[in-house]
Every structure is written in C-alpha cells, then in structure tokens.
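What's counted below: heavy atoms across the whole structure, side chains too, no hydrogens, waters or symmetry copies.
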Amino acid sequence: MARVPCPSCGRLVDRLIEGLCEDCYVERHPLVEYSGGETLRCKYCGAVFLKGKWARERGEQVFLKVLREKGKVVGKIEHVDVRDFTDYAELSLTLYGSPHPEILPRTLKYDLKISFRLDICNVCMEKLSKREVAVLQIRASPRPLDVEFKKKILHVIEQELLKLKNKNIGFISSIKEVASGIDIYTTSANLARHLARVVHELWPSYAMETAKLVGVRDGRKVYHMTYLVRLLTYKAGDLIILGGSEKVVTELNNKYIGVRDVKSGRYEQIPISDFVHRAVLYKGS
C-alpha cells in the first residue's frame, strides 16, 4: 500500500484522518478542553456558582463539575490530581478515549488551569450576618506592616479558612485594615484563637488574649474575645537600647531575638516576651 506524507509533521503513514496522521490529529483534537473564563467560588466553603446556583461538591468533584459544564471532556477520566490555590486550580488529568471514530482509544494526559473569582455564597453570607463574637488584632513593631506583609498574612488566613471549611468552626464576618495593622472579626472565638495561633507560629511574635463581658444570655455571661498577635519586625543590624545598653540585633525567631552589646560585645538571647513587657527603644538600622 502506498504511504502518504502527513502535511503537518511530514511522516509517511498508511492513511490520513481528515488530512492529518493519527498523532497530529490527536494532538490537535484534545479529549479535554476548557476556556470557561473565571467561575465564581465561595471563599469560605469552596462552593462554585454554575447555572444560576451554588454547587457544593466535595474535593476533586467540584473542579470536574466546572470542567464538564464549562468545557469539554471526551472519554473516561481515569485519574485526576488537583492543586487547589483557592482562586485557581491546576488539574492533571489522565483520560482514556479517542477524538475520532477511526482512531483506536488510548490513554492521554493533560494539564489545565481553572480560574475562580472569589465571592461569598448565600449560605455563608447568612452565617456571616451573625454578630461577631471575637476579633483577631494583628499589630507590628517597630516597623509597621507594609503592603506585601499584609498580603502574606491575608493569604495565610484564606488558606487556613479553606482547610477549615468542613470543621464548622465559625466564619470571618469582616476584615479591616487599620493604620496599625489588621483587625479580623469572627463569629467564633475558636476561629479567632486558631488563626491567632497560626499567625503567631509563622512569624516572630507575642500573642495574648483578653475577654470583655458584654452581657448575659440565658443566665450565662457573654464575652467578646480579643486575640492580639504583635509581630516583631526587627531585622539583623537594627540598633536598640535595652536595659540602658545599646545593642545590635543579630538574629530572630519565634522564641527569642539574638542581640550583641555594642560596647562589651556580649551576646545574649532575649525572649520575645521581653520585647513586649520591657522598655525597648528602637534606633533604626
């Protein structure tokens, strides 16, 4: 039988499928396609908005639902790996199928990205409308929180909320950026406490909590809880005055700040709490 060249790749093949060899045809006609643009997604529970309603599938099923309803899938999905970044997801799909009746089914792999625009679903909105019972206050010294640092903190908070979406631990009712830091209001003291611990463990900081009596409900006292995380934004090379001596910061971590006395050269590790409870004068770097 005479062999014919593929006009795309130039290889000699026994036949052409719609003017292409099988491999070129398969490459140009993928089993999965997605060009649906951004899809609304609830930032708290992960539900997606499709066909006028919120879909609440769990795990990888929510991404496959978006793919099927706003894209194209041909054949059988054998395996899927998902990397969920909240505002978008990366999918690695293994499919078994064929893009043409004259081509035998085969196993093919594809990588694609689904983008989301974050919003709040009706169920979470109703829950968020409840009066907040706690606030997480994030403050910084001696340097204030800059824009990039605030973005890092809020990204950590969003990721933590996604992890907790099935834990029924409460919701964030509002986030306010204030001159001195960030205030995060929650409907649950447990949630505020948890987020405070997460932030505290990530960066050198001091954490404390206070309770304010706001009333009595069903014979029980009701408190509004405040969780304060004070981030220490010192850097190596900063000069401070502590205990009447000038010292230079050499290192810092979640437990202590290492300093060296300018005159004596003596090195010491000062607990984080000392930078909150003792008078420290920051002189710059």
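- Side-chain atoms of Arg143 come within 3.5 Å of backbone atoms of Thr233 as a donor-acceptor pair (strictly under, hydrogens ignored).
- When every heavy atom of Glu27 is checked against every heavy atom of Pro30, the shortest pair comes out as O-CD, 4.1 Å.
- No donor-acceptor pair closer than 3.5 Å links the side chain of Tyr96 to the backbone N or O of Glu78.
- Between the CG atom of Leu145 and the NZ atom of Lys152 there is a distance of 11.5 Å, given to the nearest 0.5 Å.
- Thr186 places no side-chain N or O within donor-acceptor distance of the main-chain N or O of Ile172, the cut-off being under 3.5 Å.
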Point to revise | side chain to side chain contact (heavy atoms under 4.5 Å, CB included) assessment of Val13 paired with Glu22 | key: CA-CA 9 Å; Val13 294; Glu22 286 194 9; over 6 Å; no
Could you pull out all donor-acceptor pairs under 3.5 Å where a side-chain atom in residues 67-74 meets a protein atom, sequence neighbours excluded?
residue	atom	partner	partner atom	Å
Glu69	OE2	Lys65	NZ	3.1
Lys70	NZ	Gly36	O	3.4
Lys70	NZ	Thr39	OG1	3.1

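- For Arg41 (side chain) and Phe116 (main-chain N/O), no donor-acceptor pair under 3.5 Å exists by modelled atom type.
- Going from atom CD1 of Ile272 over to atom NZ of Lys255 covers 11.5 Å, rounded to the nearest 0.5 Å.
- Between the side chain of Ser92 and the backbone N or O of Asp81, no donor-acceptor pair lies under 3.5 Å.
- Annotation: side chain of Trp203 is in contact with side chain of Ile153 (closest heavy-atom distance under 4.5 Å).
- Side-chain contact between Asn254 and Ser205 is absent, with no heavy atoms from C-beta onward closer than 4.5 Å.
- Side chains of Leu136 and Leu191 form no contact here, defined as non-hydrogen atoms less than 4.5 Å apart.
- Between Ile240 and Tyr234, the closest side-chain pair of non-hydrogen atoms falls below 4.5 Å.
- Connection of Tyr256 to Phe275 is not established within any shared hydrophobic cluster, with ILVMFWY side chains joined at heavy-atom distances below 4.5 Å, either directly or through further cluster members.
- Looking at Arg197 and His200, their side chains never bring a donor and an acceptor atom within 3.5 Å of each other.
- Checked by atom type and distance alone, the side chain of Ser98 pairs as donor or acceptor with a backbone atom of Ile103 at under 3.5 Å.
- Summarising the geometry, atom CZ belonging to Arg260 is positioned 10.5 Å from atom CZ belonging to Arg266; distances are rounded to the nearest 0.5 Å.
- Separation of atoms CD (Gln137) and CD1 (Ile182) is listed at 12.0 Å; rounding is to 0.5 Å.
- Residue Cys21 is tested with Cys6, Ser8, Pro7 for a side chain to side chain contact (heavy atoms under 4.5 Å, CB included); the sole match is Cys6.
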**Study point:** Check against side chain to side chain contact (heavy atoms under 4.5 Å, CB included), Leu242 and Asp274
**Key:** CA-CA 10 Å; Leu242 179 63; Asp274 281 16; 5.8 Å; no
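- In the displayed structure, His100 atom NE2 is contacted under 6.0 Å by more than 12 heavy atoms of other residues, nucleotides or ligands.
- The line from CG of Leu20 to CD of Glu18 is 8.0 Å long, rounded to the nearest 0.5 Å.
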Exercise for review: Just do the salt bridge (charged side-chain N to carboxylate O under 4.0 Å, His left out) check on Asp119 and Lys43 with the steps written out, would you?
Suggested key: CA-CA 6 Å; Asp119 205 328; Lys43 65 174 70 177; over 6 Å; no
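- Not one N or O on the side chain of Asp183 forms a donor-acceptor pair closer than 3.5 Å with the backbone of Lys176.
- When hydrophobic clusters are built by joining Ile, Leu, Val, Met, Phe, Trp and Tyr residues whose side-chain heavy atoms come closer than 4.5 Å, directly or via intermediates, Trp54 is not grouped with Val66.
- Taking the side-chain contact (heavy atoms from CB on, under 4.5 Å) definition, one finds that Thr86 meets it with Leu118, Glu158, Gln159, Leu162, sequence neighbours left out.
- Side chains of Arg193 and Tyr227: a donor on one and an acceptor on the other come within 3.5 Å.
- Looking at Arg56, its side chain never comes within 3.5 Å of a backbone N or O of Gly46 through a donor-acceptor pair.
- Counting only distance, with no hydrogens or angles, the side chain of Ser173 and the backbone of Tyr185 share a donor-acceptor pair below 3.5 Å.
- A distance of 12.0 Å separates NZ in Lys247 from OH in Tyr267, rounded to the nearest 0.5 Å.
- Under the 4.5 Å side-chain heavy-atom criterion for ILVMFWY residues, no single connected hydrophobic cluster contains both Leu40 and Tyr34.
- Applying the 6.0 Å contact sphere to CZ of Arg28 captures no more than 12 heavy atoms from other residues, nucleotides or ligands.
- Side-chain contact between Val4 and Arg15 is absent, with no heavy atoms from C-beta onward closer than 4.5 Å.
- Both Val199 and Ile169 belong to a common hydrophobic cluster when Ile, Leu, Val, Met, Phe, Trp and Tyr are linked at side-chain heavy-atom distances under 4.5 angstrom.
- Across every non-hydrogen atom of Ser115 and Tyr88, the tightest pair is CA-CB, 4.1 Å.
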Exercise for review: Assess whether side chain to side chain contact (heavy atoms under 4.5 Å, CB included) is satisfied between Glu268 and Val259, documenting all intermediate values.
Suggested key: CA-CA 6 Å; Glu268 60 180 316; Val259 299; 3.6 Å; yes
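- Under 4.0 Å is where a charged nitrogen must lie from a carboxylate oxygen, and between Arg83 and Asp111 no such pair does.
- Linking Ile, Leu, Val, Met, Phe, Trp and Tyr whenever their side-chain heavy atoms come within less than 4.5 Å leaves Phe85 and Val198 in two separate clusters.
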